[in-house]
Amino acid sequence: MRRLAVPLLAVLAAACASSKASSPPANGAPSPAREAQTQSETHAQPQPAAPAPAKAQGGAHGDLASLAERYLSGLFRAKPHLADYMGDHRFVTGHWDLSTSAVRFRISELTEHSKELAALDRSKMSRDEQVDAAIMADAIALELLELEEIREFTWSPRLVDSFTYYDPREIIAARISDIVHGSWGTEAERRAAVAAQLRGVARIVESRERYLTKSKVSKVHLDQAVKENAGRLAFLEKELPAFTKGDAESETARTEAVFALQNYQRFLEKVLPERVGADWRLGPEKYRKKFPLALQTDLAPEELVRLAREDFTAARGELYSVSRELARSLFRGEGVPPENAPPAEQAKLIGRVKDALAKDHPAPDALVSASAGKIERLRALVRSKNIVELPPPETLSVEAMPEYKRGAAGAEYLSPGQLDRGAPFHGTYYVDPVDSSWPKEKIESYLRANNNYEIALTAAHEAIPGHHTQAYFARRDRSVLRATLWSGPFAEGWAVYGEGLVVKDGLGDADNDRYHFFDLRGRMIVAANAILDVGLQGGAMTDEEALRFMIEDGFQERAQAEKKLTRAKLDSTQLCQYFLGWAEIVRLERDVRAKGSFDQRAFDDALLAHGTLAVKYLRQYVLGR
């Protein structure tokens, strides 16, 4: 069993260090606390974080490093699920405390951090420190916005944390599952941690019920919460006993947690329908506040929409050109519309080509295995074309989406423990399988959306050379601050960019035009994501307008569009990440090409060499400015 001996504060000394630091990464994250520290199992009032160690030096550098240490410790204490996901297990026996007193304390703590950060003279900081200060300022302001104004926990019954930097979202089953399948500490320590978290479930749901019985709730969030909690119960009742059996304390805690969640399920199904009435929309004012903080961008929402609409139109034009070529082989003997055909005639041809290609899809029970089957071809192509260094094959798993997370997204990639650099690197590509309860026509629509060409591109996005490869590189970065406050737009932008690279390099061999078709349609989807997010969460776009836009203008399958609409209602700003990040990377590539000779492998290496950093900061490193 691996020994974990390096405390996080030793690692945090590098929180504001250059991402190019040459010293080797720390051997591990902190050993798990054997007793809760704050938010303990006795549910004590939150206490201030322990004093930071004495600064090694004064001035802007020392002050920023000290603040980063205290901020990250406070963040992990306030969100122990985030700490565990990142690989810091000091708060493993605690739970997310959203009681009035805990929220008040966290607001006070963040306000003090904000004042302290604002008082630092950034002109005296190095470039790395200025970037770190800006990232931390955005994260502090974002968490304050969520606690003071958005307050999703008061009108959404989903047991999730929508904080941008907590990617799994779900806070109970996902967290416990990571511990069960994790490798830190001893099995006894992990079992004790699971027992403590199970004992905290009742307090989590009781706290949420107190808020929800005093306010209106969002129907779309309620409907999703009902599905998710049923999956959560299934995990605790069917999968978890294999880990807790034989340990009386863990089994008792599991039984108590099941009882609490069963009561919560009845609360969701019987009580909350009478309280439906809250708007799922964030609204223009709150959306405009969240947008730059969550996305780490200087663009305004309307500017992003303008750029997205321009690229949507450009990709559609290219899609028609590819469709004309494909039509000659798909519909032999038929005439092909002219290049300058009216828009309606172009749309008709694109739709016909899409329908013909989409028939080539996996069987309903083979979607997950078919997705896994695309990985080796992608790996071989990336190696042969020297696109980027790849992580070893054994570091990736492809699995069905857990039941407690199904229904919101078609695929997901997660790689827990980014701070636990002594643990073996591993990531999981999750595929949302077909729901057997759907009517036959919806199953067929979902499979047509996930046809054999699309699932290859999705595998490129989620795994090779997308998220899994980028996460592999990100573990080499020394900055704990940047690892924790990672850039969603860069992560998603790189994944979209990677899809384009493999298609450009011939993923489909003789049938590459078919992959090119869906890559261009994917560009339209990425642009549409941003348009939808701004229009739905920050505007007044209706369900009908959103579905028409996706299906008729964007050539998406209805089941695919309906799932995307639900996702767009459940979260805000996240759908903007794809287009924003991709567009910024493409612009950066254009600027690098303008400087002279361009080497794709060198550019890819440069993009991935600085962790998961927002492109607006990454430009400084790549362009040498």
Side-chain angles (χ1 to χ4, degrees), residues 36-49 71 73-85 91-111 113 139-176 196-218 221-222 224-225 228-229 232 256-257 260-261 263-265 267-268 271-272 275 278 280 282 286 290 294 404 570-572:
Q37 299 180 21
T38 58
Q39 303 178 354
S40 68
E41 294 189 54
T42 60
H43 206 49
Q45 294 295 320
Q47 299 297 317
Y71 163 71
S73 288
L75 176 66
F76 290 159
R77 187 199 66 249
K79 296 177 180 289
H81 49 280
L82 172 61
D84 279 349
Y85 181 70
F91 308 102
V92 73
T93 57
H95 66 277
W96 191 21
D97 187 353
L98 287 172
S99 64
T100 302
S101 58
V103 170
R104 188 185 304 118
F105 172 81
R106 182 61 180 157
I107 290 173
S108 174
E109 185 176 42
L110 288 167
T111 301
H113 288 334
I140 290 171
L142 177 63
E143 192 177 353
L144 281 170
L145 178 67
E146 293 185 343
L147 291 174
E148 294 180 311
E149 298 186 47
I150 297 175
R151 293 175 61 79
E152 185 174 324
F153 52 89
T154 67
W155 50 264
S156 168
R158 299 179 70 205
L159 300 181
V160 301
D161 183 1
S162 295
F163 189 52
T164 295
Y165 308 107
Y166 180 61
D167 205 30
R169 296 293 194 256
E170 204 275 344
I171 62 169
I172 295 176
R175 186 182 179 200
I176 291 174
Q197 291 183 22
L198 289 168
R199 285 192 291 273
V201 169
R203 291 193 288 274
I204 291 172
V205 298
E206 287 166 6
S207 173
R208 190 60 62 89
E209 287 178 9
R210 281 196 292 273
Y211 284 114
L212 297 171
T213 52
K214 297 175 183 177
S215 62
K216 294 293 185 180
V217 300
S218 158
H221 287 77
L222 173 57
Q224 186 66 21
E228 289 171 346
N229 199 59
R232 193 176 290 117
E256 292 171 352
L261 290 174
N263 285 338
Y264 192 59
Q265 190 75 8
F267 175 73
L268 294 173
V271 177
L272 286 190
R275 303 206 61 80
W280 51 265
L282 203 55
K286 293 174 185 174
K290 181 178 179 180
Y404 52 83
L570 293 174
D571 208 341
S572 56

Donor-acceptor side-chain pairing of N263 and E209 below 3.5 angstrom:
no

Quick check for you: to the nearest 0.5 Å, what is the distance between [X] atom [atom1] and [Y] atom [atom2]?
X: I172; Y: L159; atom1: CD1; atom2: CG; value: 4.5 Å
X: R104; Y: E148; atom1: CZ; atom2: CD; value: 12.5 Å
X: E228; Y: L570; atom1: CD; atom2: CG; value: 7.5 Å
X: I150; Y: L145; atom1: CD1; atom2: CG; value: 4.0 Å
X: S73; Y: F91; atom1: OG; atom2: CZ; value: 6.0 Å
X: E143; Y: T164; atom1: CD; atom2: OG1; value: 11.0 Å

- Is there a side-chain contact between K216 and W155, using heavy atoms and a 4.5 Å cut-off? no

Query raised in the report: Hey, is E206 close enough to R203 for a salt bridge, meaning N to O under 4.0 Å?
Result: no

- Query: Any Lys/Arg nitrogen of R77 or E109 sitting under 4.0 Å from an Asp/Glu carboxylate oxygen of the other?
  - Reply: yes

**OP:** Mind running side chain to side chain contact (heavy atoms under 4.5 Å, CB included) on K214 and T154 for me, showing each step along the way?
**Re:** CA-CA 8 Å; K214 297 175 183 177; T154 67; over 6 Å; no

Check your understanding: Do F163 and L142 pass the side chain to side chain contact (heavy atoms under 4.5 Å, CB included) test, and can you show the C-alpha distance, the side-chain angles, and the key distance before you say yes or no?
Key -> CA-CA 8 Å; F163 189 52; L142 177 63; 4.1 Å; yes

Measure across [X] and [Y] and return the closest heavy-atom pair with its distance rounded to 0.1 Å.
X: H113; Y: I140; answer: CB-CD1, 3.8 Å
X: K290; Y: D571; answer: NZ-OD1, 4.3 Å
X: R208; Y: P157; answer: NH1-C, 4.0 Å
X: P80; Y: R175; answer: CB-NH2, 3.5 Å
X: I107; Y: T111; answer: O-OG1, 2.7 Å
X: Q197; Y: G94; answer: CG-O, 4.4 Å

Which of V160, D161, L147, L212 passes side chain to side chain contact (heavy atoms under 4.5 Å, CB included) with F153? Answer is L147

Please list, chain by chain and in numerical order, all residues satisfying salt bridge (Lys or Arg N to Asp or Glu O under 4.0 Å) with [X], sequence neighbours excluded.
X: R275; value: none
X: E146; value: none
X: E149; value: K289
X: D167; value: none

Side chain to side chain contact (heavy atoms under 4.5 Å, CB included) between R106 and L75: does it pass, once the steps are laid out? CA-CA 9 Å; R106 182 61 180 157; L75 176 66; 3.7 Å; yes

*Give a yes or no on whether the backbone of L98 and the side-chain of Y211 come within a donor-acceptor separation of less than 3.5 Å.*
yes

Contacts of W280 meeting ring pair (Phe, Tyr, Trp, His ring centres under 6.0 Å) (sequence neighbours excluded), chain-then-number -> none

task = Applying side chain to side chain contact (heavy atoms under 4.5 Å, CB included), run through L110 and Y71 and close with a yes or a no.
result = CA-CA 8 Å; L110 288 167; Y71 163 71; 4.2 Å; yes

E152 meets the side-chain hydrogen bond (donor to acceptor under 3.5 Å, both in side chains) criterion, sequence neighbours left out, with S162

